**Student:** 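The following block contains the structure, expressed as structure tokens.
Since the structure is predicted, the reported quantities are computational estimates derived from the model, not experimental observations.
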Amino acid sequence: MTTLATTGRVQVLGAPGDRHEEVLTPEALDFIGRLDAAFAARRFDLLTERRRRSALLRGGTPLDFSRATRPIRDDPDWRVARPAPGLTDRRVEITGPPERSMAVNALNSGAQVWMADFEDATSPTWENIVRGQLTLIDAIDRRIDFTTTSGREYRLTDRPATIMVRPRGWHLTEKHLVVDDRPVHAALVDFGLYFFHCARRQIDAGSGPYFYLPKLENRYEARLWNDVFLLAQDLLDIPRGTIRATVLIETITAAFEMEEILYELREHSAGLNAGRWDYLFSLIKNFAHRPDFVLPDRATVTMTAPFMRAYTELLVRTCHKRGAHAIGGMAAQLPGGEPAAREAALATVRLDKEREAEDGFDGSWVAHPGLVPVCRTVFDEVLGERPHQLERTRDDVHITAEHLVAVRRTAGRPTPEGVRDNIAVALRYYDAWLRGQGAVALNGLMEDAATAEIARVQIWQWLKHRAVDRETVLGLLDEELAALGATYPWAQLDQVRDLFERTALGRELPAFFTTEAYARHLVGRPAVRG
């Protein structure tokens, strides 16, 4: 990496790119530096607490609802803030990376909300991060229209979706921005650059700076975000409460603190989302050492599994009790191919969205514009002219700690097909991610990092408890690497193998493959497209 610029205590590393100077202004970098100075120590302490709690869970400490915060849960009077402009009706939300053509398609899709994803759907090359910020600025300024070299036109409609931004999680760093030779926290980079450049733009446009917060594990991490919001608004002289954020409940520990998370963010809260795939990853990861938590093939662990159903019903009840939106999980199907396959994919999506709408969710996620109509139709049938169904308080739902970890009722053995599929998916996603692509079409689904995380932790868990033998896994690894190389001659097979061995076959289970891959393979490299 080469030095690009220095401003105050913040040093920018990496090769300069087209229009980078529009994002990396001295004022924006100073803003990030002030956020980092205020919150770096707290972030470090919270990550230390994550590791401590993870060790307790591995040792058999049970999860339960906190007795210390029972007064918050028992208080019937508090509510989160009323929906902000553009966030009253959220029946369809589309997600994807802030890549220019995908952004136009998402904004024009007919969905109420587009979540620009710097986290699981973005491989964090420096170019991807900076270009993503430029995409957002151009979209708000309506300068995003363009025509490809093949003549295809991308033009923004008059009524695009409301923009929400998902920054990277607290566990990640951005090594192209450093303070005193220490990387700045990636969450503050993604949040800070967008907020600095776009908060006023969005307010002037009648919207606001809205966010999705990933990978939170407890109320203290929510409190940290709330304090970041308060300081950011004060520094830019923006009224407190202007920021709104939806928290993804995608960790098993956060599922036990949903009300507390809403309470910490109540002035800035826009609700909770059922981040189903990362939630499953979190559960497997936290209990991977325990034989009573071994799960069968991931494809067979559906949202009707008792522990998954308990989690989503508790989420709806919690949100509506506090006047907050409950947003359903991702439909990742790609509605293409042969007519029969397309109809089957759409039927699967419809069944999933019908369950969510009937359970009380106020909206749901899709990964492809072609899924917007079916999701909208389902929620239209339930909501009618209403923008949401917050009045459905789901007082009939009574979820205990035992319900949330009732994995035994879903227990089973992995199949040979399931083992091979996990290895194949992890390898193909790793290769794409290392080449700078975070949203990947695999087997008829639009996959992101959560898919690879589930696949690799299941392999580790199955090996740990001898549900599959190591020789079989190594043989399949060789076969699938060969198949990957035959399909994609440019695949970086040695790096892919190294990453898989480190994250799925080692003695210890790394918390995230992205931290391993970023540190060893990605920093300083440009994206390489096949």
Side-chain angles (χ1 to χ4, degrees), residues 34-59 61-75 78 80-81 119 166-173 184-192 211-234 240-241 243-273 275 278-279 281-283 285-286 311 314-315 318-319 322 324 401 404-405 511-512 515:
R34 296 176 75 174
L35 295 179
D36 180 82
F39 300 112
R42 278 177 62 187
R43 179 259 190 187
F44 178 84
D45 291 342
L46 288 172
L47 292 184
T48 301
E49 174 60 20
R50 277 190 186 184
R51 292 188 290 270
R52 186 193 71 84
R53 193 173 193 187
S54 179
L56 291 175
L57 293 176
R58 289 198 303 272
T61 299
L63 276 171
D64 204 347
F65 299 98
S66 171
R67 286 179 291 179
T69 56
R70 185 167 182 174
I72 293 174
R73 298 193 301 274
D74 289 347
D75 182 350
W78 65 269
V80 303
E119 199 219 12
R166 176 160 71 167
R168 285 168 285 178
W170 284 126
H171 60 290
L172 296 168
T173 59
V184 177
H185 311 308
L188 297 180
V189 174
D190 300 339
F191 164 81
F211 298 90
Y212 259 99
L213 305 181
K215 305 292 191 294
L216 269 64
E217 297 206 359
N218 54 57
R219 61 190 180 275
Y220 301 109
E221 296 182 14
R223 184 181 300 169
L224 175 56
W225 266 119
N226 196 68
D227 289 344
V228 170
F229 295 163
L230 291 173
L231 178 59
Q233 289 166 138
D234 289 348
R240 291 189 171 192
I243 293 174
R244 296 299 170 85
T246 300
V247 173
L248 290 122
I249 301 299
E250 55 185 357
T251 65
I252 183 62
T253 52
F256 285 82
E257 299 190 33
M258 292 189 203
E259 285 196 73
E260 292 89 337
I261 288 170
L262 286 177
Y263 183 82
E264 294 292 346
L265 284 160
R266 60 195 181 279
E267 182 183 13
H268 301 105
S269 178
L272 304 177
N273 173 284
D278 267 304
Y279 184 80
F281 157 55
S282 172
L283 186 138
K285 176 177 65 175
N286 278 287
Y311 143 69
L314 179 61
L315 189 147
T318 300
C319 284
R322 302 305 181 182
L404 291 173
V405 292
F512 298 96
T515 53

**Student:** Closest heavy-atom contact between Ala187 and Gly169?
**Tutor:** CB-O, 4.1 Å
**Student:** Do Thr246 side-chain atoms and Tyr212 backbone N/O form a donor-acceptor pair below 3.5 Å?
**Tutor:** no
**Student:** Please check this pair: side chain of Asp190 against backbone of Arg168, looking for a donor-acceptor N/O pair closer than 3.5 Å.
**Tutor:** yes
**Student:** Using a strict 4.0 Å threshold on nitrogen-to-oxygen distance, state whether Arg219 and Glu264 make a salt bridge.
**Tutor:** no
**Student:** Show your reasoning for whether side chain to side chain contact (heavy atoms under 4.5 Å, CB included) applies to Trp170 and Arg50.
**Tutor:** CA-CA 11 Å; Trp170 284 126; Arg50 277 190 186 184; 4.1 Å; yes
**Student:** Quick check for you: to the nearest 0.5 Å, what is the distance between Ile72 atom CD1 and Glu259 atom CD?
**Tutor:** 9.0 Å
**Student:** Could you go through the side chain to side chain contact (heavy atoms under 4.5 Å, CB included) check for Phe65 and Glu260 one step at a time?
**Tutor:** CA-CA 10 Å; Phe65 299 98; Glu260 292 89 337; 6.0 Å; no
**Student:** Within the distance-only criterion (no hydrogens, no angle test), does the side chain of Gln233 pair as donor or acceptor with the backbone N or O of Ile243 below 3.5 angstrom?
**Tutor:** yes
**Student:** Between Phe211 and Pro167, what is the shortest heavy-atom contact and its length?
**Tutor:** CD2-CD, 4.5 Å
**Student:** To the nearest 0.5 angstrom, please state how far the CG atom of Leu265 sits from the NE2 atom of His268.
**Tutor:** 8.5 Å
**Student:** With side chains defined as the heavy atoms from C-beta onward, is the minimum distance between His185 and Phe44 less than 4.5 Å?
**Tutor:** no
**Student:** State, without any angle test, whether Thr318 and Arg322 hold a side-chain donor-acceptor pair at a distance under 3.5 Å.
**Tutor:** no
**Student:** Shortest non-hydrogen contact from Ile261 to Ala254?
**Tutor:** CD1-CB, 3.9 Å
**Student:** Supply the atom-to-atom distance Leu283 CG to Ile252 CD1, rounded to the nearest 0.5 angstrom.
**Tutor:** 5.0 Å
**Student:** Do Arg266's NZ or CZ and the ring of Tyr263 fall within the cation-pi criteria of under 6.0 Å and 45°?
**Tutor:** yes
**Student:** State, with a plain yes or no, whether a side-chain heavy atom of Thr253 is found less than 4.5 Å away from one of Asn218.
**Tutor:** no
**Student:** Could you go through Tyr220 and Glu257, starting from their C-alpha distance and side-chain angles, then the distance that decides it, and tell me whether this counts as side chain to side chain contact (heavy atoms under 4.5 Å, CB included)?
**Tutor:** CA-CA 10 Å; Tyr220 301 109; Glu257 299 190 33; 5.6 Å; no
**Student:** Under a 4.0 Å N-O cut-off, is there an ion pair linking Glu267 with Arg240?
**Tutor:** no
**Student:** How many angstroms lie between CG in Leu188 and CZ in Arg34, if you round to the nearest 0.5 Å?
**Tutor:** 14.0 Å
**Student:** Tell me if the aromatic rings of Trp225 and Phe191 count as close, with their centers under 6.0 Å from one another.
**Tutor:** yes
**Student:** Please report the shortest heavy-atom distance between Asp64 and Ala401, naming the atom on each side.
**Tutor:** OD1-CB, 3.6 Å
**Student:** Please report the shortest heavy-atom distance between Phe512 and Lys285, naming the atom on each side.
**Tutor:** CZ-NZ, 3.6 Å
**Student:** Decide yes or no on side chain to side chain contact (heavy atoms under 4.5 Å, CB included) for Glu217 and His171, but give the supporting numbers first.
**Tutor:** CA-CA 11 Å; Glu217 297 206 359; His171 60 290; over 6 Å; no
**Student:** Rounded at 0.5 Å granularity, tell me how far CD1 in Ile249 sits from CZ in Phe256.
**Tutor:** 12.0 Å
**Student:** Of all heavy-atom pairs between Lys215 and Asp278, which one has the smallest distance, and what is that distance?
**Tutor:** NZ-OD2, 3.2 Å
**Student:** Take Arg53 and Glu221 through the salt bridge (charged side-chain N to carboxylate O under 4.0 Å, His left out) test and state the conclusion after the steps.
**Tutor:** CA-CA 14 Å; Arg53 193 173 193 187; Glu221 296 182 14; over 6 Å; no
**Student:** Is the side chain of Arg43 donor-acceptor paired with the backbone N or O of Leu224 at a distance under 3.5 Å, no angle test?
**Tutor:** no
**Student:** Treating Ser269 as the side-chain partner and Leu262 as the backbone partner, does any N or O pair qualify as donor plus acceptor under 3.5 Å?
**Tutor:** no
**Student:** Does atom CZ (Arg70) have a neighbourhood of more than 12 heavy atoms from anything else shown, all under 6.0 Å?
**Tutor:** no
**Student:** Using modelled atom types only, decide if a donor and an acceptor are shared between the side chain of Thr251 and the backbone of Ser282 within a distance under 3.5 Å.
**Tutor:** no
**Student:** Calculate, to the nearest 0.5 Å, the distance between atoms CG and CG belonging to Leu47 and Leu172 respectively.
**Tutor:** 9.5 Å
**Student:** Is any NZ, NE, NH1 or NH2 atom of the basic residue among Arg166 and Glu119 found under 4.0 Å from an Asp or Glu carboxylate oxygen of the other?
**Tutor:** yes
**Student:** Does the side chain of Asp45 reach to within under 4.5 Å of the side chain of Glu49, using non-hydrogen atoms?
**Tutor:** no
